[in-house]
**Student:** 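Structure in structure tokens, see below.
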Amino acid sequence: MDTVLDSYVAGSWVRPDVPGDPAHDAVTGEVVARASAHGIDLHTMAVHARTVGGPAVRALTFHQRAARLKQLARHLGEHKDEFYALSRRTGATDRDSAIDVDGGIGTLFSYASKGVRELPNDVVVLDGAPEQLGRAGTFLGQHLYVSRPGIAVQINAFNFPVWGMLEKLAPAFLAGLPTIVKPASQTAYLTHAVVRRIVESQILPEGSLQLLCGAPGTLLFELDEQDHVAFTGSAETATVLRNHPAVLHRGVRLGVEADSLNCSILGVDVRPEDPEFELFVKAVVVEMTAKAGQKCTAIRRTLVPHAMVGPVVDALRERLAKVVVGNPADPTVRMGALASSAQRDEVRRAVAELRGSCDLVFGDPDHVTVVGADAREGAFISPLLLRARPDAEEPHEVEPFGPVSTVIGYADTTEAVRLAARGRGSLVASLVTHDPEVAREVVLGLAPWHGRVLVLDRDDAAESTGHGSPMPTLVHGGPGRAGGGEELGGVRGVLALMQRTAVQGSPDVLTAVTGRWTKGSRRLTGETHPFRKSLAELRIGDTIVSAPRLVSRADIDHFAEFTGDTFYAHTDPEAAAANPLFGGIVAHGYLVVSLAAGLFVDPDPGPVLANFGVDNLRFLTPVKADDTITVTLTVKEVTPRISADYGEVRWDALVTNAADEPVATYDVLTLVAKQWPLPDAAAAEG
Ligand code: NDP
């Protein structure tokens, strides 16, 4: 087998000029692959991304991009066996591979779903409502997000060769950016296999994904102010990148996820007999042993009340003693190998440093019994538990990137928060407590120092996704030492890669620019009721202005009796007169909305299939008995659904009284057929 990894450059697989350093099988020590970027044309890669990939992605709407991600997730799911087999060579058990492989595919699915549900079927995203900047309403401002004509470069860590790529690719693709992936050389062969499957599927437009195996060399010099580099790895490399001339002088944006001394805190309320005690111990062991502790989110510091240090250490030792270490292919094995012997040397070095102020209470850094493999060939290490001596410094400074955690005692909740903060910013912290007051105090104390905080107790344990799992819908990243970056978080992760611009202009201009009707812009009235128009025929601004309708006291009484809403302001003249806001009987707000619907609907069967909700409903002026109301309904936004024969129409509803004061404003949400008559009905008639 040819072990030299080629790179995917401008539509072709290109072999490097020299083979590069070997990456070894973590279990057997055999050479799996060699990664080198020697001779790879980085300039061509950047130009191809900019001129071919970017325009192709940006020609698609968010919904079309989301559909591609879904298709891609399905396609990769069909090749999981191949990825799992390679993943074992990185030292991962199948449970570890699920985090990497299934976690990555799940992230694609999640973004596909978010892209359709939370982004428009367009290429522009509006941020907030228009801001009126002049008194007459002829000059407005609207924030919007647009795609940048740039490149998303990812420089990934060795520990998640699949998830690490896909969790960055999905938001970048939705944001309209082509991606260049540079995997860590140690495990690049797995990323390479996934990229091969992606390329052969032709699901993503050409140029939207390229792969660079080996050192990134001068790649950053090809980048400029429209480009973004997402880095995951060591603090040292992060510092090199932060000081790169492209970042310092050319405005290249850099997102960093570096090391992190995450902690888990046992609440002051928890006793050994409580279910939370067991949950805590189990979570620490899971985080120590999953991916052999090579997770940026792993629990490095285990903070427990002083009185609980002994019981927690005993319980952890008991559980750790049951962890079977060895060949990940063996079904009895619970913890596989580290990714390489160099990584193991790093862990041993870090543990030696920790021992300056901590005692080793479980495991031996130099000896481990392994199952199904030769301990001398693979990068195996035992789980290692330490117990901090008073005032220990090292656990708050040294990151052992392996199956290592340190138990640290604390006096009270204030001290627990203070110790957590000594990590100087982490990706995640967890708190195990069943006391809501402890939860509030600790969570609010931890939040400024962490990107994510998990509170675990008997009530959420069964469904909890765990301390160490970043969720595609929640932000991943932490302040300070953790790098200060922020990834994922659903649509937040997409918008972070787009440009936010405040556009100022007249309402008509804003309607034209945004594709969404803006208050104050032209309304189109005509012969045909907009409810008789299909999605294809509707125009932004199409409007129906209803006839006026009198709201009588009999209407109000009837509504009160019919619905049971006999609140005094609608039924008791004396009490209503004393109400400082109304000064007499007023119509129910929902009566106004119901009457408005009666005024604007066109009752016969037609292209409007359903009303699925109302947004932003506000009652502005009370309607008294014998007031007259009129409704103006205007097409605000039209969103065809890719996978259905209908789309969503958002209507601006404005109810006014006889004095032309606004009584109620809201958006009506409907589903409207793309064609009318419906194609099936038309065919049947034909
Ligand atoms: P590195 O920072 O060495 O490597 C991360 C990525 O950066 C790799 O793709 C690497 O490529 C690339 N890289 C290295 N040097 C440069 C450079 N000068 N310019 C551009 N890219 C560069 O981290 P490792 O993955 O080797 O892990 C080392 C340590 O980092 C771990 O032991 C752990 O402590 C920490 N770590 C933290 C993680 C976290 O998320 N918190 C995740 C992984 C690691 P190549 O592989 O080709 O050298």
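This chain uses plain numbering: 1 for the first residue, then up along the sequence. Keep in mind it's a predicted model, so treat the numbers as computed, not measured. Only this structure's heavy atoms are used, side chains among them; waters, hydrogens and symmetry mates stay out. Just so you know, ligand 1 is whichever comes first in the structure, and atom 1 is the first atom listed for that ligand.
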**Student:** Check the pair Asp25, Arg89 against salt bridge (charged side-chain N to carboxylate O under 4.0 Å, His left out), reporting the backbone distance first and the verdict last.
**Tutor:** CA-CA 5 Å; Asp25 186 309; Arg89 307 201 73 176; 2.7 Å; yes

**Student:** Salt-bridge test for Arg349 and Glu353: reply yes if a basic N is under 4.0 Å from a carboxylate O, no otherwise.
**Tutor:**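 Looking at Glu353 together with Arg349, the answer is yes, because their closest N to O distance falls below 4.0 Å.
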
**Student:** What I want to find out is whether Glu225 reaches Arg253 closely enough, with some N-O distance under 4.0 Å, to be called a salt bridge.
**Tutor:**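 Here Glu225 does not pair with Arg253 in a salt bridge, since their nearest N and O are not under 4.0 Å apart.
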
**Student:** Below 4.0 Å from any atom of ligand 1, which residues have a heavy atom? Give them in chain and number order, please.
**Tutor:** Ile155, Asn156, Ala157, Phe158, Asn159, Lys182, Pro183, Ala184, Ser185, Pro216, Phe231, Thr232, Gly233, Ser234, Thr237, Val240, Leu241, Glu257, Ala258, Asp259, Cys296, Gln343, Glu399, Phe401

**Student:** Give me the ring orientation class for Trp163 and His476: parallel if the planes are under 30° apart, tilted from 30 to 60°, perpendicular past 60°.
**Tutor:**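 It falls in the perpendicular class, over 60°.
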
**Student:** OG1/Thr232 to CZ/Phe160 distance, rounded to the nearest 0.5 angstrom?
**Tutor:**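 One finds 10.5 Å between OG1 of Thr232 and CZ of Phe160.
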
**Student:** Strictly by ring pair (Phe, Tyr, Trp, His ring centres under 6.0 Å), give each pair with a member in residues 177-197 just once, sequence neighbours left out.
**Tutor:** Trp13-His192

